[in-house]
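This report concerns only the one structure given below.
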Amino acid sequence: MPTIHYILRDGSRRSIDADSGKSVMETAIFNNVRGIDAECGGSCACATCHVYVDEAYLSRLTPADEMEAELLEGVAAERRANSRLSCQITLSVELDGLTVTIPERQA
Amino acid sequence: MSMLETLVIAGASHAGLQLAASARELGFDGRIVMIGDEAHLPYQRPPLSKGLLIGGTDPGGIALKSQSFFDDSRIELISGRRVAQLDAAARLATLDDGRKLHGDWFALCTGARARRPVLPGADLQGVLTLRSLDDAMRLDAMARGAVRACVIGGGFIGLEVAAALVSRGLEVTLVESCMRPLERAMTPEVADSVVAAHRARGVRLLLQRKVKALHGRSGALDSVGMVEIEGGERIECDLVVVGIGAIPNAELAVAAGLRTERGVITDRLGRTSAPHVLAAGDCAAFPNPFAPDPTAPVLLESIQIANDMARAAATNLVGRPVPYGAVPWFWSDQHDLKLQMAGLMAPSDARAIRGDPSSGRFSVFGLRQGRIAWVHSVNRPADHVIGRRLIAAGVEAAADALASMDLDLKTLLATAPATTTT
């Protein structure tokens with residue numbers, strides 16, 4: 001069971017024992033982690049589940065596909081090199097300990 | 001608040017749940033009771049016509065919130081029941097099992113139901129509509145044993161179902177009465193690319209055809225086996241999916257004496273004509289600031305409207321009202337097309353096409369009084385998300401500039417005043 005850490009807008013941290021196969025977004029929604037809106041339910045259509053991924057884990061993630069990369073162009077908060085849409089990050093044991101930071105705004 | 005109030009929410013889907021969640025986030029500390037007529041925990045509806053049908057989504061994985069959310073947020077969920085009657089003056093809701101609930105606030109989030117066809121044979125087995133998780137599971141089960149399917153209606157649901165079923169290997173025929181699918185919702189360029197995508201994947205599209213009757217199959221006369229088109233054409237099939245629109249569930253509001261037209265009429269705060277009675281989601285119509293006529297109530301069925309109206313309605317509960325102000329948006333996945341729509345189109349709006357429609361990657365921008373009013377995108381998600389912000393900011397643009405790929409849309413954002421899209 002991978003553990004994932006969410007850094008919330010107020011700087012506090014939520015650590016969750018997640019299920020492999022779930023996305024970072026789904027895990028947040030299911031555990032009521034605030035600040036990830038995911039209005040399209042994970043269809044890669046809305047860009048409201050933006051997170052900043054801990055640099056140390058970036059290389060372990062499947063790179064963003066074309067759709068995600070384009071959506072990231074339009075995220076409401078600053079886009080950074082470690083910006084990802086959390087609906088597109090599927091959790092696995094390899095990602096145990098992943099930390100993601102929630103941006104100041106999603107829309 | 002000196003005394004704790006009770007909020008009673010009729011309906012437990014996107015709008016009802018968002019209203020409850022927002023009420024708690026805003027600090028509403030009273031009792032929240034939510035009544036939903038389905039057996040499931042509130043779930044996401046978009047995957048029902050998309051991922052769920054192609055096996056990419058697990059039915060257990062589409063819950064909107066976990067049980068612990070309801071426990072932690074002190075939201076009492078009554079499943080498998082509905083509010084049968086509302087006495088707004090007496091502030092009393094009566095459930096269909098006779099239970100009575102007193103409320104200080106009521107929210108009508110009763111959604112909509114699929115329109116059934118008025119056709120001979122419409123009651124045959126195997127004639128399905130798609131609205132709920134149970135509908136989707138029924139369709140999934142029937143599709144397993146089926147070879148041929150007929151979809152009636154070229155709206156979003158019909159097209160998404162056709163795409164899903166053909167990808168499962170069924171022979172699919174879609175019958176649409178208009179010249180193009182999505183005729184009222186999308187520009188002709190987008191509709192044409194939808195037609196091309198469906199035909200390329202083997203969906204047989206019969207446009208400008210009307211269904212005359214549905215017939216049973218030989219040997220099993222109570223099960224649908226054939227669709228008869230006006231003019232005599234016959235389509236043999238093992239199942240029929242009807243996607244001809246939705247009817248808002250406004251009966252509760254009508255019986256309660258609330259102002260209704262097609263849907264419960266509210267203002268931008270989700271307030272109905274009765275004090276302390278709110279409404280949001282697919283059952284409600286309100287004047288949308290981004291509509292061509294921003295003063296007339298409009299009923300838009302979408303997740304975004306449901307969520308943002310519910311958020312606005314919840315602000316009444318804590319005495320800090322913030323009306324709806326978000327740019328409407330919507331999306332649809334069909335085959336390899338991602339359609340994304342932002343803003344609301346009017347036939348008289350000027351248009352600019354960005355990108356080459358024949359490439360399957362383009363956007364159509366709509367301009368109203370020189371400002372970007374809407375954008376419909378086909379496989380151009382960046383245009384969509386940036387477009388939403390351009391619409392929110394009321395950015396002015398020239399059609400020929402928008403049509404030129406030399407223009408980076410983000411530079412337009414820089415010219416806009418600070419946006420407030422939430």
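Only heavy atoms go into these numbers, but all of them, side chains included; no hydrogens, no water, no symmetry mates.
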- Task: Without swapping roles, check the side chain of Thr48(A) against the backbone of Ala38(A) for a donor-acceptor pair under 3.5 Å.
- Result: yes
- Assert top hit (heavy-atom pairs under 4.5 Å, partner chain A, pool Lys50(B), Gln44(B), Gln18(B)) equals Gln44(B)
- Item | Exam field: side chain Glu39(A) to backbone Ile303(B), donor-acceptor pair closer than 3.5 Å | no
- Task: Using a cut-off of under 4.5 Å on heavy-atom pairs, state which of Lys65(B), Glu25(B), Gln304(B), His14(B) scores highest against chain A.
- Result: Glu25(B)
- Run the salt-bridge test on Arg45(B) and Glu38(B) with the 4.0 Å N-O cut-off and return the result as yes or no. yes
- Message: Is the ring pair Tyr52(A)/His50(A) parallel, tilted or perpendicular, if the boundaries are 30 and 60 degrees?
- Response: perpendicular
- Task: Determine yes or no for a side-chain-to-main-chain donor-acceptor pair under 3.5 angstrom, with Arg354(B) supplying the side chain and Val364(B) the backbone.
- Result: no
- May I ask you to decide if Tyr6(A)'s main-chain N or O and Arg13(A)'s side chain share a donor-acceptor pair within less than 3.5 Å? no
- Message: Using a 4.5 angstrom heavy-atom cutoff, name the option from Ala63(B), Pro46(B), Ser68(B), Pro47(B) with the most pairs to chain A.
- Response: Ala63(B)
- Message: Looking only at heavy atoms and a cut-off of under 4.5 Å, which of Lys22(A), Glu26(A), Arg34(A) has the most pairs with chain B?
- Response: Arg34(A)
- Task: Take Ser377(B) and Arg361(B) through the test side chain to side chain contact (heavy atoms under 4.5 Å, CB included) and record every step on the way to the result.
- Result: CA-CA 8 Å; Ser377(B) 303; Arg361(B) 252 178 72 79; over 6 Å; no
- Measuring heavy-atom distances to chain A, does Leu64(B) have an atom under 4.5 Å in its side chain, in its backbone, in both, or in neither? backbone
- Note on the structure: chain A shares the most heavy-atom pairs under 4.5 Å, among Trp331(B), Phe330(B), Trp329(B), with Trp331(B)
- Task: Under 4.5 Å heavy-atom distance to chain B, tell me which part of Ala76(A) shows up: side chain, backbone, both or neither.
- Result: backbone
- By a 4.5 Å heavy-atom criterion (distance strictly below it), what part of Asn379(B) contacts chain A: side chain, backbone, both, or neither? both
- Toward chain B, the part of Ser23(A) with a non-hydrogen atom under 4.5 Å: neither
